[in-house]
Participant: 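Sharing a structure below in structure tokens format, with a few things to ask.
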Amino acid sequence: MNITIILTSVLVVAGSGLLIGLLLGLAGKKFAVETDEREMLVREALPGNNCGGCGYPGCDGAAAAIVSGEAPVTVCPVGGSAVAKEIGDIMGADVAETTRMRAYVHCGGSCDNTRSDYVYTGVEDCAMMPFLPGGGEKRCSYGCTGYGSCVKACGFDAIHIINGVAVVNQENCKACGVCIKTCPKNLIEMIPYEGAGSKVSCASKDKGKVVLDACDIGCIACKKCEKNCPANAIKVEDNVARIDYSLCTDCGNCKEVCPRGCIS
């Protein structure tokens, strides 16, 4: 083999590599995107769960939105007040104290107090239930199906299926809201972590007779809770009681007068 050919080939390859590297370096400098150093600091302050609870694609997206002014410094529900204050210091913004929230499942329809119309043996995923007769095997078409889509979606091990119904562990809940987006029955709501002692464990909009036939603790819209609330904080709308926590004083009157035991 001719040594000259070999050396020429090596020099050509090496020269091409150097030229390409030089061109890439120049292109990198020319087309470099300036990044606000605050974005990196905000990203470091965020918890890094990438849960999407803020409404942005992960913590990187949230950091960019905060620095650009698109999102408030309090946008991260997982970090809460502590993270909001840290980001506020970075951004030079005053941060008011935020209320800690937690998820709550408006259903108490466990296996012990609900009735079923048939036995379902298919894919155990709540997303399948809207395609089944009655929205699932349980007679109440508004209740928790108990197949745990919310459990699978929660990144904080804060929600579990207990006796056929989803129950939130309030200590683990970070109020990211992923479970709310996941539940096909729209049963989950964010409520205050503190000062929310009374909770309506029913979301059925059926009339009383239908509820009585389906569940032992379903709301029958009798309005006793509404009539006995001194703060006017509980109203019966669409055949089910709802609590306005901005008015609720947690006196417990609604729980005491409820004949169905659906206020816990």
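Side chains are part of it too, since the values below use all heavy atoms of this structure and drop only hydrogens, waters and symmetry mates. Throughout, numbering of the chain's residues begins at 1 and tracks the sequence.
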Participant: Below 4.5 Å, heavy atoms only, C-beta onward: do D216 and R115 meet side chain to side chain?
Facilitator: yes

Participant: Nearest heavy-atom pair of P77 and C176: which atoms, and what distance?
Facilitator: CG-CA, 3.9 Å

Participant: Taking all non-hydrogen atoms of both residues into account, name the closest pair between L46 and C76 and its distance.
Facilitator: CD2-CB, 3.8 Å

Participant: Do D89 and K85 meet the salt-bridge criterion of a basic N to acidic O distance under 4.0 Å?
Facilitator: yes

Participant: Quick one, Y120 and L132 - any side-chain contact, counting heavy atoms below 4.5 Å?
Facilitator: yes

Participant: For residues D244 and I234, determine if any side-chain heavy atom of one lies less than 4.5 Å from a side-chain heavy atom of the other.
Facilitator: no

Participant: Taking atom CD1 of I217 and atom OG of S264, what is their separation to the nearest 0.5 Å?
Facilitator: 8.0 Å

Participant: Between Y245 and E189, do the side chains contain a donor N or O and an acceptor N or O under 3.5 Å apart?
Facilitator: no

Participant: Are Y147 and M128 close enough that some pair of their side-chain heavy atoms sits under 4.5 Å apart?
Facilitator: no

Participant: Donor-acceptor check, side chain of K138 to backbone of G146, threshold 3.5 angstrom: yes or no?
Facilitator: no

Participant: Could you check whether any side-chain heavy atom of M91 comes within less than 4.5 Å of a side-chain heavy atom of V67, counting everything from C-beta outward?
Facilitator: yes

Participant: Give a yes or no on this: more than 12 heavy atoms of other residues, nucleotides or ligands lie within 6.0 Å of atom NZ of K207.
Facilitator: no

Participant: Specify the closest pair of heavy atoms between A203 and R242, including all atoms of both residues, with the distance to one decimal.
Facilitator: CB-NH2, 3.8 Å

Participant: Go through the side-chain N and O atoms of Q170 and Y104 and say whether any donor and acceptor fall under 3.5 Å apart.
Facilitator: no

Participant: Does I191 share a hydrophobic cluster with V165, counting links as ILVMFWY side-chain heavy atoms below 4.5 Å and allowing steps through other members?
Facilitator: no

Participant: Using a strict 4.0 Å threshold on nitrogen-to-oxygen distance, state whether K152 and D125 make a salt bridge.
Facilitator: yes

Participant: Group every Ile, Leu, Val, Met, Phe, Trp and Tyr by side-chain heavy-atom contacts under 4.5 Å, then state whether V73 and V75 land in the same group.
Facilitator: yes

Participant: Report yes or no: does N239 contribute a side-chain atom to a donor-acceptor pair with the main-chain N or O of A221 at less than 3.5 Å?
Facilitator: no

Participant: Counting only heavy atoms not in E194 (residues, nucleotides, ligands), do more than 12 fall under 6.0 Å from its CD?
Facilitator: no

Participant: Using a 3.5 Å distance criterion without hydrogens, assess whether the side chain of R260 forms a donor-acceptor pair with backbone atoms of G218.
Facilitator: yes

Participant: Considering residues, nucleotides and ligands other than K185, do more than 12 of their heavy atoms fall under 6.0 Å from its NZ?
Facilitator: yes

Participant: Tell me the closest heavy-atom pair linking C202 and S204, and the distance in Å.
Facilitator: SG-N, 3.4 Å

Participant: Let me check something: do V95 and V42 share a hydrophobic cluster, defined by ILVMFWY side-chain heavy atoms less than 4.5 Å apart, either directly or through other members?
Facilitator: yes

Participant: With the side chain counted from C-beta on, respond yes when V211 and C140 share a heavy-atom pair under 4.5 Å apart, and no when they do not.
Facilitator: no

Participant: What heavy-atom pair brings A62 and C54 nearest, and what distance separates the two atoms?
Facilitator: CB-SG, 3.8 Å

Participant: For C51, is there any backbone N or O sitting under 3.5 Å from a side-chain donor or acceptor partner on N49?
Facilitator: no

Participant: With hydrophobic residues grouped by side-chain heavy-atom distances under 4.5 Å, do M129 and Y118 end up in a single group?
Facilitator: yes

Participant: Looking at residues at least two apart in the chain, or sitting in another chain, which of them share a side-chain contact (heavy atoms from CB on, under 4.5 Å) with A166?
Facilitator: V105, C144, C150, I159, I161

Participant: Any chance you could measure E226, atom CD, to I243, atom CD1, to the nearest 0.5 Å?
Facilitator: 12.0 Å

Participant: Could you check whether atom NZ of K223 has more than 12 heavy atoms from other residues, nucleotides or ligands sitting under 6.0 Å from it?
Facilitator: no

Participant: For the residue pair N163 and D112, confirm or rule out a side-chain donor-acceptor distance under 3.5 Å.
Facilitator: yes

Participant: Report yes if some heavy atom in the side chain of C107 is under 4.5 Å from a heavy atom in the side chain of Y142; otherwise report no.
Facilitator: no

Participant: Report the distance from atom CD1 of I263 to atom NZ of K199, rounding to the nearest 0.5 Å.
Facilitator: 11.0 Å

Participant: Distance check, rounded to the nearest 0.5 Å: R139 atom CZ versus D117 atom CG?
Facilitator: 4.5 Å

Participant: Is there a side-chain contact between H106 and I188, using heavy atoms and a 4.5 Å cut-off?
Facilitator: no

Participant: Do V178 and I180 land in one hydrophobic cluster if side-chain heavy atoms of ILVMFWY residues count as linked below 4.5 Å?
Facilitator: no

Participant: Side chain to side chain contact (heavy atoms under 4.5 Å, CB included) between C254 and C229: does it pass, once the steps are laid out?
Facilitator: CA-CA 6 Å; C254 54; C229 178; 5.8 Å; no

